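Comments concern the structure below.
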Amino acid sequence: MARKFVLAPDNQVARTSLTINYQDELNPQQYDVVTSGAGPSLVVAGAGTGKTRTLIFRVAYLVETGVPPDHILLLTFTRRSAAEMLNRASQLLDGRCQRVRGGTFHAYALSILRRHAPSIGYPRNFTILDSGDSADVIDVLRTASGFHKSDKRFPRKRTIYSIISACSNGEQDVAEVVADKYPQFVDMIDKIGILREQYHQYKLTHGLMDYDDLLSKTVLLFENNRALRDSESARCRHVLVDEYQDTNRLQARMVAHLASVHRNVMAVGDDAQSIYGFRGADTKNIFQYPEIFEGTTIYKLEHNYRSTQQILNLANTLIEQSTVRYDKKLFTEKPDGELPAIVGAADDQYECRFVCQMIMRLREEGIPLHRVAVLFRNSHNSFGLEIELNRRNIPFIKFGGLKLNEAAHIKDVLSYLKILENPRDAVAWTRVLQLLPGIGPKTAADLVEWISSRGSEAFELTGRSHSPRYIDGLKKLFNMLRAASVTTISLPRQIEMVLEYYDPILKEKYYEDFPKREQDLEQFASLTDQFKDRESMLSSMALDPIELTALDADGEEKDEQPLVLSTIHSAKGLEYHTVFVIQALDGVVPSTYSLKEPGGLDEELRLLYVAVTRAEENLFITYPMVQYRRFQGDYMVRPSRYLDEISDAILEPWTLVETPTPSSQKLLS
DNA sequence: TTTCCCAAGCTTTTT
DNA sequence: GCTTGGGAAA
């Protein structure tokens with residue numbers, strides 16, 4: 001019979017020599033978490049309860065008590081938060097935490113796959129598809145299969161891709177997902193299923209992985225090869241997972257595998273802040289955690305240090321409207337502050353003016369711009385405000401929304417680089433070939449098949465005849481690729497060669513606005529300096545896309561840190577002195593799309609909860625009362641339904657009044 | 001087979 | 001307002 005030997009913690013020895021006085025730095029609940037022993041634990045931490053701080057101290061504590069930094073793995077939701085946490089932990093212990101491994105699930109999975117991909121039939125230099133690329137593959141397959149012709153209405157490529165993606169993330173089959181979320185396509189389940197198979201096959205033969213593959217192939221790798229799994233698990237003696245409420249089933253499985261040897265997992269999360277359901281996040285994960293990890297110690301952090309009681313009252317009242325129960329009531333000992341305000345503006349213009357003027361007033365009162373955030377549901381909700389901010393020369397940075405590498409011209413350039421990295425990358429080839437005159441989808445498909453059927457001489461034109469219609473273009477393309485693929489050429493030089501080649505194509509294709517796009521490309525080229533090689537640049541572009549609008553903010557005068565504009569999703573985990581939630585309209589939060597989704601209304605409510613709990617001192621929720629829509633003219637809109645029942649004592653209504661002008665005063669007197 | 005033009009349809013949040 | 005799809009000309 002197998003036996004267990006229980007090791008006593010070794011901490012006692014080290015405790016005397018700790019450089020940080022944990023007891024002074026943390027409250028008792030946090031202290032328990034930070035100094036907890038081995039084995040699985042779950043920390044249920046409400047908004048603003050020092051979750052990040054606790055994790056950072058936990059890392060420091062582990063390092064101080066003798067865990068080698070590179071045996072700690074910190075999985076976070078975004079690269080931004082991973083970097084910030086590791087940085088803060090390093091500061092605590094003057095640099096000793098630097099070698100802690102950290103990143104997103106996807107980034108960590110990638111690092112494993114780069115080493116072990118061959119054992120599941122993938123090349124080591126596989127390329128990563130973003131969702132646009134994935135949809136393009138689907139498009140090629142759909143056209144080839146002729147499905148779009150036979151049926152009256154076949155789903156669009158993006159829809160098909162999201163069905164396939166939902167299958168992987170939720171570990172479901174096509175029939176389940178379609179029945180659940182796309183009942184209008186039940187007739188086509190078989191065909192979508194076939195496409196799904198073809199899509200997987202296509203990726204395999206061309207060395208491509210999409211975002212979901214990074215997770216699912218890693219799990220597959222672990223399940224096929226227990227020895228490998230155990231050695232990976234042994235490489236991280238402590239696994240810490242942030243934002244656990246937003247993990248999906250695959251990610252939960254991955255965590256379980258990583259903990260298989262030592263069972264030292266600490267998951268931190270807040271079920272009331274789960275806002276990634278659309279990506280397969282499953283709140284059930286957090287509840288099932290104690291079942292998956294037998295003997296889990298559960299900790300709760302409830303003491304909020306971020307917000308005033310007035311803001312927490314609103315947050316608590318909001319979340320009570322949920323049909324799901326959350327048994328947390330946030331409290332604080334912070335001195336009282338102002339009541340949160342609900343500001344009804346006459347229209348979008350008035351709303352923008354109010355936000356701008358209030359920001360200026362706060363700045364005069366000494367609140368720096370970067371401590372103020374404007375949050376919104378959809379990235380386009382801030383367009384009007386952005387114009388107004390520009391007009392007033394208020395610097396801002398925007399998170400969420402369009403990414404630099406989603407722009408067509410950047411995707412073009414990246415495709416050349418992807419081909420250099422992985423000459424089997426059919427997606428990149430398809431894109432690049434179609435940029436040549438005389439080559440459309442059909443010829444491109446033929447050529448791609450020919451190219452990928454050959455081995456190493458991918459950049460040679462020999463062995464096949466080519467139509468004079470496009471032979472010149474093809475020659476130029478292959479010459480450039482051959483020249484740039486010489487291994488001694490540096491990455492910046494490669495990019496230069498690609499851009500030089502691409503410039504005439506850009507001018508031809510985007511003759512109306514190529515100067516703007518040329519600028520983007522220049523910016524792109526300058527950003528790539530920081531990467532050590534082509535592979536890391538391409539991976540990084542895929543996993544951590546550059547925010548287009550984050551760059552637009554005047555880079556010239558950096559004397560003042562800019563105001564933050566952000567989608568609520570991108571603001572997760574962050575905090576600001578003052579928060580504006582703009583466009584708090586019914587149909588925006590909750591979004592009209594959410595009405596159809598099961599559990600959609602609850603999720604949107606949590607979204608508003610997340611937005612509200614970002615605020616430390618001041619909170620303004622604003623909305624216009626009238627909006628203009630094409631063909632309909634002005635029409636009335638109403639504020640978010642979640643705000644309907646909230647009393648004036650919790651959320652104070654403000655009205656905007658115009659300064660009386662001299663002429664109107666005359667009228668009065 | 002490519003490319004151009006017009007009509008239709010849809011439109012969120014992110015790794 | 002933009003992308004996507006279909007149809008027709010080159």
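These figures come from a predicted structure and were not determined experimentally. Residue numbering restarts at 1 for every chain, and letters A, B, ... go by the order of the sequence lines.
- The distance between atom CD of Q583(A) and atom P of dT11(B), rounded to the nearest whole Å, is 20 Å.
- Residue G277(A) is classed as having no contact, given no heavy-atom separation below 4.0 Å to the nucleic acid.
- Nearest nucleotide to the Y211(A) side chain, out of dT11(B), dG5(C), dT15(B): dT15(B).
- Of the candidates dT2(B), dT12(B), dG5(C), the closest approach to any side-chain atom of R142(A) belongs to dG5(C).
- Geometrically, R156(A) does not engage Y161(A) in a cation-pi contact defined by less than 6.0 Å to the ring centre and at most 45° from the axis.
- Among the protein residues, I439(A) comes within range of the sugar-phosphate backbone only, with heavy atoms under 4.0 Å from sugar or phosphate atoms but none that close to a base.
- The side chain of N378(A) approaches dT13(B) more closely than any other nucleotide in the set dT1(B), dT13(B), dT15(B).
- Using a 4.0 Å heavy-atom cutoff across all strands shown, T78(A) reaches sugar-phosphate atoms only and no base atom.
- Closest to the side chain of T443(A), out of dT11(B), dT2(B), dT15(B), is dT2(B).
- One interatomic measurement links the two molecules: CZ of R158(A) to P of dG9(B), which rounds to 20 Å at whole-angstrom precision.
- Taking side-chain N and O atoms only, S570(A) has a distance below 4.0 Å to OP1 or OP2 of dT14(B).
- Taking atom CG on N381(A) and atom P on dT13(B), their separation rounds to 9 Å, with Å as the unit.
- Protein atom CZ of F383(A) is 13 Å distant from nucleotide atom C1' of dT12(B), rounded to whole Å.
- Rounded to whole Å, the distance from OH on Y470(A) to P on dT2(B) is 9 Å.
- Rounded to whole angstrom, the span from the CG atom of D213(A) across to the C1' atom of dT15(B) amounts to 13 Å.
- Nucleotides dT4(C) and dT13(B) are separated by 22 Å at their C1' atoms, to the nearest Å.
- Considering only side-chain atoms of H569(A), the nucleotide from dT11(B), dT15(B), dT13(B) that sits closest is dT13(B).
- S379(A) comes within contact range of the sugar-phosphate backbone alone, with a heavy-atom separation under 4.0 Å but no base atom that close.
- Looking at heavy-atom distances under 4.0 Å, F77(A) makes contact with sugar-phosphate atoms alone, never a base.
- A side-chain N or O of E243(A) and one of Q245(A) form a donor-acceptor pair less than 3.5 Å apart.
- Distances shown here put a side-chain N or O of T567(A) below 4.0 Å from the OP1 or OP2 atom of dT14(B).
- What separates CZ of R156(A) from P of dT4(C) is a distance of 7 Å, to the nearest Å.
- R469(A) comes within 4.0 angstrom of sugar-phosphate atoms only, judged by non-hydrogen atoms across all strands, and of no base.
- In the model, D602(A) has a side-chain atom that pairs as donor or acceptor with a side-chain atom of T323(A) under 3.5 Å.
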Between side-chain atoms of residues 372-379 of chain A and protein atoms elsewhere (two or more places apart, or another chain), which donor-acceptor pairs fall under 3.5 Å?
from    : atom 1 : to      : atom 2 : distance (Å)
R377(A) : NE     : E604(A) : OE1    : 3.0
R377(A) : NH2    : E604(A) : OE2    : 2.9
N378(A) : ND2    : N381(A) : OD1    : 3.4

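- A side-chain N or O of Y182(A) and one of S162(A) form a donor-acceptor pair less than 3.5 Å apart.
- Distance CD1 (I138(A)) to C1' (dT4(C)): 16 Å, rounded to an integer number of Å.
- Heavy-atom distances to DNA chain B give each of Y276(A) and Y593(A) a nearest nucleotide, and the one nearer the 5′ end belongs to Y593(A).
- No side-chain donor from either of S111(A) and R101(A) sits under 3.5 Å from a side-chain acceptor of the other.
- For the pair F278(A) and dT13(B), the ring geometry qualifies as stacking, because the centroid separation is below 5.5 Å while the planes lie within an angle under 30°.
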